[in-house]
Every structure is written in C-alpha cells, then in structure tokens.
Amino acid sequence: MERAFTPLECLLPAGNLKFCLLILNQPLNKGHFHCLWNRAALRACADGGANHLYDITEGSQESFLPDYISGDFDSIQPEVKEYYKVKGCELIETMDQDLTDFTKCLQILQKKIEKKGLQGKHKLHVDTGLEGPWCGLIPIGSPCESVTTTGLRWNLTNQVLKFGTLVSTSNTYDDSGIVTIETDKPLLWTMAIKS
Amino acid sequence: MERAFTPLECLLPAAALRACADGGANHLYDITEGSQESFLPDYISGDFDSIQPEVKEYYKVKGCELIETMDQDLTDFTKCLQILQKKIEKKGLQIDVIVALGGLGGRFDQTMASVETLFHATNITPSPVIVIQECSLIYLLQPGKHKLHVDTGLEGPWCGLIPIGSPCESVTTTGLRWNLTNQVLKFGTLVSTSNTYDDSGIVTIETDKPLLWTMAIKS
C-alpha cells in the first residue's frame, strides 16, 4: 500500500494537518516555531529543548507551555525546569541511557497520542434496538476544530463544534446502525435511551 | 465596569411580555388547566412540530399571535428570543431580564442546546437571559466583572461556575464558600460545583472567558 505524504505541509499556515511538535536541544528558528506551535495537537520538549523554548518565548513563556518535558534532565537548566514545573507542565524523567532523549520523548508521545485518542476515531454501534430518537455531540470543555461523522441524519465534515458557533443537538440516525465520529478534541456524545 | 444583577429578582414581579417556544405552549396549557383564558401568551413561535394541534387552535382562537419560524439551523428557543427582542424594541420596553422557563430538564442534548442559545443571546439582545427549571437557574457570564445579589431569600443551597465551551484561564470570586483567585476553570482540571455562599449576600465574579453561573432556587 502506498502511503502519500507532503513533508513540508506542516509549515503551511492553513490546512487541517494533525501533527505533534517535539522540541529538541538545538537553537530554534523563530519563523518555524510560531507556525508550528500554534497548530500542533501536542507539544513536548526533550530535556534541553525546554531551555530553547524558554528563551525563544521570553516575556510570554506562560502562553507557550509544553504538554510535557521528558529526558534525563542533565541538559535542562534548573530554573527553566522549576518554571515549567510550577506552571503545571508534566515532567517525565527517563533514565534509560541506551536511548537518546529524542527517542524516549517519541515513545512517550506515542503513548499520549493513543491515550488521548488524538487519532480520535470512534465507531459506535447504535443498533441494539434500545436507541431513542435523538443524539448529539457537545464540545463541552473546549472547541473542537475538526469533527467528521457518518451515520447521522445531519453529518459533519471537518466541522468546527463550539459553543457560540455550532453544537449538534436534536440529531438522529440514518439507517446504517453505525455512527463514526472523528474528533481532534474531547467531544461529549449523548443519546436517547428508549423509554 | 462591573455588571450588577439579582438572578432571582424575576421570580418576584410581573412579566412585561410572555411567549412560548413551540411545545412550551403545551406546558402552559396544561399548567393553567381550568383558567387558560387568564394566561394567554403574547405570542407562540416555532416550527410547530411540538405544539399539539388542539393547543395551537385554542390560542389561535383566543387571539394569540402565532409566528412560524422554519429555520432549522436555530432552535425554537433562539428564534423565540430573536422575535422577543424585535417586540421589545418595537414596543420601546425597558427590560431588566429575559426569563426562559424550561430548557434544563429531560433530554441532555436540549439542555446543551439551551446553553448554546445563551451564547447566541449576546448577539440577539442586550438584556441578561436566564433559564430556570425546577430547582436550577443558569446564566452565562460574559468576560469581565460581575456582581450578583443573592439575598432575595429565594436562593437554594448550591451554586457553581461551569467553564462550558472553553477553559477560563483566570477566574476570581468573592462571596462563595470556596472562592477562586486567578484560578483556571477547565473540564478535566477544575469545575466549581456544589459550591455555596458566605453570609455577605453578594457574589462577585471576574472571568476572562464566558463562564456559566448556575444556582439553586429554593423549592
């Protein structure tokens, strides 16, 4: 099977590419950084990468907090580590000396991608006979930038779901008995139970 | 500038305008059984897929305005609010608050739809909009400072602050049992529920993002 890929797509300002950002322990290019940071689904630093993040975001570090910093912490500056720790960033110490900080960071990233369901694809079987007439998708805690569904009366395609913009309520099913939902952020599914 | 408001004050005086959104007319008809004539709404709006035919007929005959709204992208509640604002402007009424009865019970998706209407309400009307059902009230706080008077005597024992729609990066309160200071409110981090009041009779809330206030009404 052929896998198609556009290497520089991540640097394009528009588009729906879903990617994660790992910052490694090398000087950062400011232009690339801002373009990538804004649209990344997950952001991490490998050890001393946190020093570069801290420097390049001087004056507004608070707006650029990584989801986690991992490594053996022999490169990260103590005050940088303390800053991100106080701000609530997850610090994951990885002692394995056979693997680089980059490799270990990648392993952790994959676990988080799976755990968060950032691959975000769901298949709901709605053919038990107990389903009532309504269902809905509620972006309850955060806006969802891209939701795609099948199996609903009113399906969505790369749709923004957001309070104040669009919330899917009073929806219902087509005849397929299956609903698929792909979402980039946590999304609350609600459905009627036949009384 | 701080916006001051007494959420439960509306349970005291009379209404300037009264409306039903579609099937809301069924509930009005039932609850006023025996004296429906004394409780005629100024208008009933909606796509009329919920109102019972005999109820619709009754109010039509009694001279209530029936306004059919076919837009399927907006809920009956939202459309009713749009019509209400037009009537308020047309009649030149001074309105302190718009009270929606119902909308918080039964179907979870419709409770969420009521919240969604509160988000749209800021673009529809300058008046505060509150939704009341049974023992609950909800009111959407826009970013900024708010002062809520909670000393009508009708306040029940619980209240909460719900960051519905987006996280709030910084919320500060006074007057609550558990106050917040520059606190993040976010689903998955912290949501303020089962909160209650101190003895001051006033709650102040400062928020950087829309935040849903909810409170108990004494039964």
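Just so we're on the same page: letters track the sequence lines, and every chain starts at 1.
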(request) Would you check if there is a donor-acceptor pair between the side chains of A/T190 and B/R107 at a distance under 3.5 Å? (result) no
(message) What I'd like to find out is whether the side chain of A/P143 reaches to under 4.5 Å of the side chain of B/S166, using heavy atoms alone.
(response) yes
(request) Could you look at B/V115 and say if it's the side chain, the backbone, both or neither that has a heavy atom under 4.5 Å from chain A? (result) both
(request) Without swapping roles, check the side chain of B/E116 against the backbone of A/G164 for a donor-acceptor pair under 3.5 Å. (result) yes
(request) Could you look at A/L166 and say if it's the side chain, the backbone, both or neither that has a heavy atom under 4.5 Å from chain B? (result) backbone
(message) Counting only non-hydrogen atoms closer than 4.5 Å, does A/S168 touch chain B with its backbone (N, CA, C, O), its side chain (CB onward), both, or neither?
(response) neither
(message) Heavy atom to heavy atom, less than 4.5 Å: which residues from residues 70-94 of chain A reach chain B?
(response) none
(message) Assess the residue pair B/D109 and A/M191 against the criterion (side chain to side chain contact (heavy atoms under 4.5 Å, CB included)); give the C-alpha distance rounded to whole Å, side-chain angles, the decisive distance to 0.1 Å, and a yes or no.
(response) CA-CA 8 Å; B/D109 68 327; A/M191 63 191 286; over 6 Å; no
(request) Check whether any side-chain heavy atom of A/T169 sits under 4.5 Å from a side-chain heavy atom of B/F108, and report yes or no. (result) no
(message) Does A/K162, at its NZ atom, have more than 12 non-hydrogen atoms belonging to other residues, nucleotides or ligands within less than 6.0 Å?
(response) no
(request) Please check if atom CD in B/Q142 has more than 12 non-hydrogen atoms from other residues, nucleotides or ligands closer than 6.0 Å. (result) yes
(request) Under 4.5 Å heavy-atom distance to chain B, tell me which part of A/I140 shows up: side chain, backbone, both or neither. (result) both
(request) Answer yes or no: is there a side-chain heavy-atom contact under 4.5 Å between B/L118 and A/F163? (result) no
